[in-house]
Amino acid sequence: MMASQHSDAPHSMADETLFAPGTQPVNLSRRRFLLGSAGVASGALVLGFGIPLGASRVQAVDASGGIALDVPAFLEIRPDNTVRFLSPFMEGGQGTFTAMAQLVGEEMDMDPATFVVEAAPAGKVFQIMPGGRRMTGGSSSVRSSYTTMRRLGALARAMLVEAGARKLGVPAASLTTEPGKIVHAASGRSLSYGEVAGGALDLPVPDGAGIALKDPAVFRWIGKPVARLDMRMKSTGKAVYSIDCKVDGMLQAAVQHAPRLGLQPGAIRNEAAIKAMTGVHSVHTLEGAVAVVAPYWWHARQAADALEVDWVEPADPASLRYMPADFGTEAFTKTLASQTGRGEEAEKAGDIDSAFASAAKSFTATYKSQYLHHAQLEPPSTLARFNTDGTLDLWLPNQVPEMFQAIIAGKVGLTPDQVRINSPLLGGFFGRHFHYNDGNPYPHAIALAKATGKPVKVIWSREEEMLRDPLRPMAVVQFRGALDAQGWPLALDVVSATEGPSEGIANKRGKELDDSALEGITGKAYAIPNRRIAQNFVKNAPTLAYWRSVGNSMNDFFYECFLDEMADQGGKDPYALRLKLLEGNERLTTLLKAAVDLSGGWKRGPYTASDGTRRARGLAMASPFGTEAAAVAEVSIKDGEVVVHEVWEALDPGSIVNPAIIAAQANSAIALGLSQVLVEAAEYEDGMPVARNFDAYSILPPDRMAKVSVKIIESGAKMGGIGEPPLPAIPPAVVNAVSTLTGKRVRAMPLSTQSFEA
Amino acid sequence: MKLEINGEVHELDAEPDMPLLWALRDVLGMTGTKYGCGIAQCGACSVLVDGAVTRSCVLPVGSLEGSKVTTIEAMEADPVGGKVVEAWVRHQVPQCGYCQSGQVMAAVSLLKNTAKPTQEDVRAAMINLCRCGTYNAIHAALSDLAENAGKENA
């Protein structure tokens, strides 16, 4: 099937690959780097880029048992004294490329501003997370690699110093470094890193055990608001995403998915007419979809939309993740709400039965959440190219390159090192680009590249994306609370009817409960002595996914709102109640007070603001991904709709690398939290999503963004994550404010489906 | 047909009903303008047509003969565009960046028409969606630009 009439010669991939028009400076510089790494630029220290993965090379061995680092695989030092760094983590807006440059640059003694960072290809040497893993997710990039990346920088510095010592003919111990250069104080001589790069190439990677890391007291860049490296390219249209990638001889494809997952294409009733449409190259029947291939995507898309396909029901729907024709979210919500079982216990403390028996007061409440789309603004795409040497190149958005590589290699019958995973910038991800069965376009691209014998880029239109985007799970949660005679919480009994994202993605239940189903109801720090938290597993028809802050994205909403109900039931102020339940917990008490102080002091309301609007404030906390969060939100009602005026959030990630990026990430997570609580819901009717694009699926528009203030607390606790942790406290802070303002408890998201009066 | 983009006339081999977005991206290889929704909802595809910000994903190229199209690729060299880009960098506006070509074009259109926009002008003009939630940073950058309008170093 492999056609070879086009110019798909087996020469250098770097040379052949055209990322967008070559007339743009960013592409020129990218190409220079690629050429440089192939040894074209004379004198470059080509630290191993392009070395076949798995090739044996001397690795750094840390005598203390740390991860062995193949330093040269990550770094290229250029004669012009700039650095190209291959990041194990993907950049999708969260600032990780800049943070990596800060960590490596700090110990290397190299200004992060001189770094050009790209995502590393799939390969064992880049699996530097504990346990030999690699993923961009779980807010784990910086915290998991903080020491590893610093060691990498320190090892590189040692190599450069050694090369400098040989060049100057002096002992290495007599040399020091300043940013980007080696200094011999005794003779007043110095060399730029670029000048010794060529010499350092031949040196062995030193033993990690002998390399000391810097004292944090003298950090130049770690902990500072270092400017992000990708701002200009992203402000000028030069940033390259998967959807922009282009190679010689490439065709493009659009698909029409089966309207419901599990159905397969039968006859194409108008195939001849489709093939006759302008620009159409060919029509292909795929697993669960029909594709049209054309040189221009617009033509492919027009034709794919016009396809009239007979979709065939599966013989054995039970064996699949099958979407039945009668599935609807309204009925499914009722199904979840009607679950009466006690569920499987995820967390237990004290004696719930005797606590309720002896309680002064007990009460119940039912909460619900909604399905959500990722709605990242870049629609998913994959470019696949089979090379004449039998290898396969893929350009695709992904958060787990080695996992994609292994799965794809298995599917196409290649070894993993024959499958090259190229990972351009992500146009947003929020959990969208993990490996999801039925949720990634790469199977289409691979099948079409095989069928046509040409490189093919598949782009899922927004409508086709919203048909296959796996969803943030929904839940209906039954709460039962008990108070003692003084009105303080005595017992909490929670049963959530839900399917967790991990068990949903696996499409089977594990031996243990799915942590991601209940996190945020479990793991709360409040001292409620008697607790039982359980899950009633109910399988969902839609495919499920991780969504920014995962289980916490909805579970802290449930818990923190019910906690306010417990306060109200006991006649307590919700701030006073939280302080009481956190007594002795210095870290969280400090954090909560900091959030309240940031808001100008606790003022629950309702009150009349200076502009005459009636307002109230709500409070919530969350402990997601190793970081602690506390938020205050201020709301009013306008024309029946909730307005969030301001959000104040305090975050304690233990210690930090870049406060400016943290503030930006807090803004981003707060926006997504507001979006979820105010306007978002993915609904199904008759087995189909009601919304297929942004006309019907609302995401937070600019005029509904709140003013945001962020306070970062470095308590010195173990470093936590940043991308996700600011989100989970936002929906409950908003809803607690709305409940206070309206005098009625609100127990469901989103608020746009409900009408309010102040 | 002939199409004037960023001051240069291109001979475009495309049917009249092809949206400008796809003519730019696929026919001309100018990928700075982004596809987000294809139905003029998100604004990632914003360009200027005769100076007015326009969503190129629903704009047939056939309607553009004689018009001047300006895209993100021309912004650094444009007097207003250059200032907007500098403000975007100074305020560290982008996150994933995917919507920012459109945001920059919307800002340039606003400032070309109203050199010193009020908060209300900004709210009315900056309606493109950003899933990363850079809205406050966008407003900060535009407040900065408005405050410094007319000053030499703005």
Side-chain angles (χ1 to χ4, degrees), chain A residues 20-21 24 91-95 227-228 230-241 243-244 246 252 278 295-299 301 375-379 425-430 459 461-463 660 664-665 667-672 674-675 693-695 699-703 705 707-708, chain B residues 14-15 17-19 21-23 25-42 44 71-73 75-76 81 84-101 103-105 122-123 126-139:
Chain A
Q24 298 177 6
E91 178 60 64
Q94 80 280 38
R228 278 183 55 166
D230 49 355
M231 292 294 94
R232 188 168 299 274
M233 71 162 88
K234 287 177 172 178
S235 302
T236 53
K238 290 169 187 164
V240 175
Y241 304 86
I243 202 169
D244 302 322
K246 185 180 178 182
Q252 304 197 64
T278 307
Y296 295 150
W297 190 74
W298 169 249
H299 292 142
R301 199 263 161 102
Q376 78 294 342
L377 223 48
E378 181 196 6
L425 293 171
L426 301 171
F429 58 122
F430 321 116
I459 302 170
S461 68
R462 178 62 61 185
E463 289 80 2
Q665 279 299 286
N667 261 271
S668 176
I670 288 166
L672 210 58
L674 290 175
S675 192
N693 206 324
F694 292 121
D695 53 344
I699 64 172
L700 191 79
D703 62 355
M705 183 63 184
K707 187 180 171 198
V708 170
Chain B
E15 338 50 278
D17 66 345
M18 181 182 279
L21 170 66
W22 295 104
R25 288 183 59 82
D26 280 357
V27 184
L28 299 171
M30 299 169 72
T31 54
T33 307
K34 301 302 186 197
Y35 165 59
C37 70
I39 56 167
Q41 290 289 311
C42 74
T71 70
I72 187 69
E73 281 85 359
M75 284 306 99
E76 271 182 302
V84 171
V85 168
E86 290 311 316
W88 250 237
V89 172
R90 196 161 59 243
H91 287 270
Q92 301 273 294
V93 171
Q95 290 196 16
C96 89
Y98 195 76
C99 75
Q100 295 298 342
S101 293
Q103 305 283 6
V104 166
M105 297 312 290
V122 171
R123 264 192 290 276
M126 300 304 292
I127 56 171
N128 289 356
L129 297 176
C130 171
R131 186 58 159 169
C132 300
T134 63
Y135 301 133
N136 289 337
I138 287 171
H139 279 253

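The shown structure was predicted, so the numbers you read here are calculated from the model rather than taken from an experiment. Protein chains get the first letters and strands the later ones, always in sequence-line order, with residue 1 at the start of each.
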Legend entry - Max heavy-atom pair count under 4.5 Å with chain A, selected residue of B/V84, B/V27, B/I138, B/V85: B/V27
Inset, instruction - Below 4.5 Å from any heavy atom of chain B, which atoms of A/L425 appear? Answer side chain, backbone, both or neither. - result: neither
Inset, instruction - Please answer whether the main-chain N or O of B/G38 pairs with a side-chain N or O of A/R462 as donor and acceptor at a distance below 3.5 Å. - result: no
Legend entry - Selection from A/L426, A/I243, A/V708 maximising heavy-atom pairs under 4.5 Å formed with chain B: A/I243
Legend entry - Taking every non-hydrogen atom, the tightest pair across B/V93 and A/M231: N-SD, 4.0 Å
Legend entry - Short side-chain to backbone donor-acceptor contact, A/Y241 and B/C96, under 3.5 Å: yes
Inset, instruction - Check each atom of A/F430 against the heavy atoms of chain B and say whether the ones under 4.5 Å are side chain, backbone, both or neither. - result: side chain
Legend entry - Distance-only side-chain donor-acceptor flag, B/Q100 / A/S235, under 3.5 Å: no
Inset, instruction - For each of B/A23, B/S101, B/C37, tally heavy-atom pairs with chain A at distances under 4.5 Å, and name the one with the top tally. - result: B/C37
Legend entry - Pairs of heavy atoms under 4.5 Å with chain B: top-ranked of A/A227, A/S675, A/P379: A/P379
Legend entry - Sidechain-backbone polar pair: B/D26 side chain, A/W297 backbone, donor-acceptor under 3.5 Å: yes
Inset, instruction - Name the region of A/E463, side chain, backbone, both or neither, that has any atom closer than 4.5 Å to a heavy atom of chain B. - result: side chain
Inset, instruction - Examine distances only and state if a side-chain atom of A/K234 and a backbone atom of B/Q95 form a donor-acceptor pair shorter than 3.5 Å. - result: yes
Inset, instruction - Using modelled atom types only, decide if a donor and an acceptor are shared between the side chain of A/S668 and the backbone of B/C132 within a distance under 3.5 Å. - result: yes
Legend entry - Residues B/R131, A/E378: salt bridge by 4.0 Å N-O rule: no
Inset, instruction - Go through A/H299, A/Q665, A/E91, A/R301 and name the one with the most non-hydrogen pairs under 4.5 angstrom from chain B. - result: A/H299
Inset, instruction - Find the one option among A/Q252, A/M705, A/R228 whose heavy-atom pairs under 4.5 Å with chain B are most numerous. - result: A/R228
Inset, instruction - Mark yes or no for whether B/Y135, through its side chain, and A/A671, through its backbone, hold a donor-acceptor pair below 3.5 Å. - result: no
Inset, instruction - Could you check if a side-chain atom of B/E86 sits within less than 4.5 angstrom of a side-chain atom of A/R232, using non-hydrogen atoms only? - result: yes
Inset, instruction - Without swapping roles, check the side chain of B/Q41 against the backbone of A/N693 for a donor-acceptor pair under 3.5 Å. - result: no
Legend entry - Nearest-0.5 Å distance, OG1 of residue A/T278 to CG of residue B/D17: 7.5 Å
Legend entry - Closest heavy-atom pair and its distance - A/L377, B/C99: CD2-CB, 3.4 Å
Legend entry - Top contributor to chain B contacts, counting heavy-atom pairs under 4.5 Å, from A/N667, A/D703, A/I670: A/N667
Legend entry - Part of A/S461 lying under 4.5 Å from any heavy atom of chain B: both
Inset, instruction - Please examine the side chains of B/M75 and A/T236, heavy atoms only from C-beta on, and report whether any two atoms are closer than 4.5 Å. - result: no
Legend entry - Contact summary for A/F694 and B/G36, nearest pair of heavy atoms: CE1-O, 4.3 Å
Inset, instruction - Go through A/G95, A/P295, A/A660, A/G92 and name the one with the most non-hydrogen pairs under 4.5 angstrom from chain B. - result: A/G92
Inset, instruction - Using non-hydrogen atoms and a 4.5 Å limit, figure out which bit of B/C42 sits close to chain A: side chain, backbone, both or neither. - result: side chain
Inset, instruction - Measure across A/P702 and B/M126 and return the closest heavy-atom pair with its distance rounded to 0.1 Å. - result: CG-O, 3.3 Å
